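What follows is one structure encoded as structure tokens, with my remarks underneath.
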Amino acid sequence: TTTEVLMFCVCVCQPQDQVVVAGQSVTLPCVIVGYRGMVQWTKDGLALGGERDLPGWVRYSLMGNPLSGEHSLMIDSAELGDDAVYECQATQAGLRSHRAKLTVLVPPSDPVVEGGPVVRLKAHTAHNLTCRASGAKPAAEITWYRDGEIMHDAIYTKTLMEDGKRETAVSMLPMVPEDSDSGRTYTCRVLNPAAPAGRQTSVTISVQHPPSVTLSVQPQTVMEGAKVLFICSASANPEITGYRWSKGGVPISEANGDSLEVTVDHSYFTDPVSCEVSNSVGSTNVSTLVDVQFGPRLLTEPKPQTVDIGMDAAFTCSWTGNPPLTLAWTKQGSSVVLSNSNTLQLKAVTQEDSGTYTCKAIVPRIGVAERDVTLTVNGPPIITAEATQQAVKHSKGKLECLVGSSPPPDKIVWTFGDMILSSGSSGRFSVQTVHSDRGVLSSLILSETLAQDFQLRYNCTAYNRFGTGMALVTLEEQGMGSSCQIILCKTSFYCLGKCCGKFWVWIIKNLRAKQATERKKKKSSRSLRFVDGPSSFGTNFFYLLKEG
């Protein structure tokens with residue numbers, strides 16, 4: 001009976017878990033003794049059919065002699081889709097084999113190194129050299145080599161692909177490329193159980209960098225007006241694509257090569273010349289100054305000042321020069337150095353401090369330059385007048401006083417006898433005022449001098465907002481003198497001013513000695529007589545008279 005047949009049905013050979021590399025064939029054994037009914041296989045629970053040639057499954061077939069109970073499943077050229085759980089079933093007997101897991105191993109694809117076969121890297125810039133191995137089951141292991149030497153610093157990650165079975169592995173090797181790395185070979189080697197011999201890809205590193213630039217100038221030290229040659233030496237990877245020159249940040253449009261010849265002036269001492277060299281990676285700019293030697297050049301012009309008496313005053317004057325210069329402040333009329341710095345400080349000035357100051361710059365062996373500046377000190381009027389002034393009696397006469405201080409006088413008044421006169425005229429007297437660079441000249445004019453005019457004291461008083469100034473003047477009658485010839489040995493001598501005294505004393509002493517000698521020799525009736533007479537300048541001079 002059927003029940004009896006089933007009782008003697010025994011599965012004597014069952015499928016076991018197997019591992020196969022994709023592309024290889026595999027057989028899952030199944031032998032059922034004592035069973036003559038239908039045998040079928042299931043794949044992940046899906047029945048493959050009871051026919052021996054398994055229609056619809058081209059690479060699948062049942063192997064063996066069915067009369068001997070052999071129903072093994074052969075899979076030709078296993079694929080990833082064959083990775084599943086298989087079961088052999090004797091359907092009429094209700095007999096099932098062990099479940100067998102077929103694992104299909106997939107080798108990784110050839111590794112890909114990003115940027116290969118020549119990886120161009122920028123020098124001194126951190127970079128991750130990346131190798132990717134896709135489609136492997138299980139995920140590929142990745143090892144890096146540099147010129148055959150294993151590297152241990154790589155970072156490894158893996159991700160499951162969309163089919164849920166294969167994986168992609170990525171390995172990143174951190175590096176900061178130096179110029180010495182250029183030309184080195186980096187190899188990415190991948191393997192898994194499906195490819196135990198492994199696969200590898202090698203790349204060559206090309207370390208690229210902006211140009212390395214050296215800028216020199218020949219000669220380095222020159223005089224202003226000389227020619228110099230700038231040489232811009234550069235090396236780069238990749239090749240240089242261009243040069244740009246500038247001076248003080250301003251492009252030199254006519255310069256585009258690796259050298260530049262110019263005639264230098266003082267500005268090359270302070271404005272650097274720059275050479276910028278470019279390639280596809282970047283550019284490098286270097287600058288240099290020229291040691292130009294030049295004479296003093298004024299940077300800050302001193303400005304004239306007007307200050308009130310008792311206040312402080314300061315002048316600033318700055319120069320540049322090469323070699324380094326020295327600075328000296330002096331006041332005109334004096335050789336005393338008041339300051340050696342850029343600034344001249346004058347504390348609590350007086351009217352005597354008024355005048356012109358000189359700022360002098362000296363560049364050793366090169367040159368000297370200077371600038372003058374004026375200090376005006378506001379104060380009470382300062383009057384200059386000859387204490388004794390002269391006029392001829394019964395002629396036109398004039399008395400003068402000069403007010404030379406700052407600010408100009410608001411008023412100048414002449415006082416004499418019972419007269420007070422500041423402008424206009426009164427009787428024989430009138431006042432004239434003339435403005436000049438020296439100051440304000442006030443003249444008291446007498447239309448005709450009388451005897452009593454020579455007995456008076458004349459007061460010239462000036463007023464401004466700081467106070468008053470006064471000068472007393474006397475009028476002296478100018479002597480007429482007799483007609484005479486001023487000679488000495490056929491040569492005329494004359495001297496004006498009070499300073500002539502010592503000179504004439506020496507002349508007189510020697511002439512008198514000469515006279516005495518000549519008298520003894522010739523007993524001549526002729527003689528020389530010396531008299532002194534008044535000067536129109538209020539001083540004395542001597543007449544040398546030849547009598548007879």
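Only a predicted model underlies this, so the values are computations on that prediction, with no experimental measurement involved. When reading the values below, keep in mind they use all heavy atoms of this one structure, side chains included, and skip hydrogens, waters and symmetry mates. Numbers here simply count residues along the sequence, with the first being 1.
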Short question: side chain of [X], backbone of [Y] - any donor-acceptor pair under 3.5 Å?
{"X": "Thr358", "Y": "Lys360", "result": "no"}
{"X": "Asn464", "Y": "Gly467", "result": "yes"}
{"X": "Ser430", "Y": "Gly424", "result": "no"}
{"X": "Ser318", "Y": "Thr300", "result": "yes"}
{"X": "Ser339", "Y": "Ser341", "result": "yes"}
{"X": "Trp414", "Y": "Asn459", "result": "no"}
{"X": "Asp291", "Y": "Gln220", "result": "no"}
{"X": "Trp245", "Y": "Gly257", "result": "yes"}
{"X": "Asn237", "Y": "His209", "result": "no"}
{"X": "Thr376", "Y": "Thr306", "result": "no"}

Practice task
Applying side chain to side chain donor-acceptor pair (under 3.5 Å), run through Glu352 and Thr350 and close with a yes or a no.
Solution key: CA-CA 5 Å; Glu352 288 73 19; Thr350 66; 3.0 Å; yes

Please find the pair of heavy atoms, one from [X] and one from [Y], that lie closest to each other, and give the distance.
{"X": "Leu402", "Y": "Gly439", "value": "CD1-C, 4.1 Å"}
{"X": "Asp308", "Y": "Val349", "value": "O-CG2, 3.9 Å"}
{"X": "Thr461", "Y": "Thr468", "value": "CG2-CB, 4.5 Å"}
{"X": "Asp271", "Y": "Leu289", "value": "C-CD2, 3.6 Å"}
{"X": "Pro219", "Y": "Val228", "value": "O-CG1, 3.9 Å"}
{"X": "Leu475", "Y": "Ala391", "value": "CD1-CB, 3.8 Å"}

Handout entry: Heavy atoms of other groups near Arg184 CZ, more than 12 under 6.0 Å
Key = yes

Practice task
Please indicate whether Gln452 has more than 12 foreign heavy atoms, meaning atoms of other residues, nucleotides or ligands, lying under 6.0 Å from its CD.
Solution key: yes

Handout entry: Distance, nearest 0.5 Å, that separates CG of Leu399 from CD of Glu386
Key = 11.5 Å

Problem - Pairwise distance CG(Asp179) to OG(Ser212) - rounded to 0.5 angstrom - result: 6.5 Å

Practice task
Go through Asn342 and Thr316 one step at a time and tell me if the side chain to side chain donor-acceptor pair (under 3.5 Å) criterion holds.
Solution key: CA-CA 6 Å; Asn342 289 339; Thr316 297; over 6 Å; no

Practice task
With sequence neighbours excluded, tell me which residues meet side-chain contact (heavy atoms from CB on, under 4.5 Å) with Val250.
Solution key: none

Exercise for the section: May I ask you to establish whether Lys303 and Phe315 are in a cation-pi arrangement, using a distance under 6.0 Å from NZ or CZ to the six-membered ring centre and at most 45° from the ring axis? Expected result: no

Practice task
Give a yes-or-no answer on whether the side chains of Ser202 and Thr187 include a donor-acceptor pair shorter than 3.5 Å.
Solution key: yes

Exercise for the section: Check the side chains of Asp312 and Gln345 for a donor-acceptor pair under 3.5 angstrom, ignoring hydrogens and angles. Expected result: no

Practice task
Carefully, step by step, assess Phe294 and Phe269 under the rule ring pair (Phe, Tyr, Trp, His ring centres under 6.0 Å).
Solution key: CA-CA 9 Å; Phe294 58 97; Phe269 183 67; 5.7 Å; yes

Handout entry: side chain to side chain donor-acceptor pair (under 3.5 Å) between Lys247 and Ser267, intermediate numbers included
Key = CA-CA 9 Å; Lys247 174 178 173 285; Ser267 64; 2.9 Å; yes

Practice task
Salt-bridge test for Arg371 and Glu301: reply yes if a basic N is under 4.0 Å from a carboxylate O, no otherwise.
Solution key: yes

Problem - salt_bridge(Arg428, Asp453) N-O dist < 4.0 Å - result: yes

Fill in the blank from the handout: Contacts of Phe429 meeting ring pair (Phe, Tyr, Trp, His ring centres under 6.0 Å) (sequence neighbours excluded), chain-then-number -> Phe416

Handout entry: Working for side chain to side chain contact (heavy atoms under 4.5 Å, CB included), residues Val222 and Gln293
Key = CA-CA 6 Å; Val222 293; Gln293 297 192 342; over 6 Å; no

Exercise for the section: Check whether any side-chain heavy atom of Ser206 sits under 4.5 Å from a side-chain heavy atom of Thr204, and report yes or no. Expected result: no

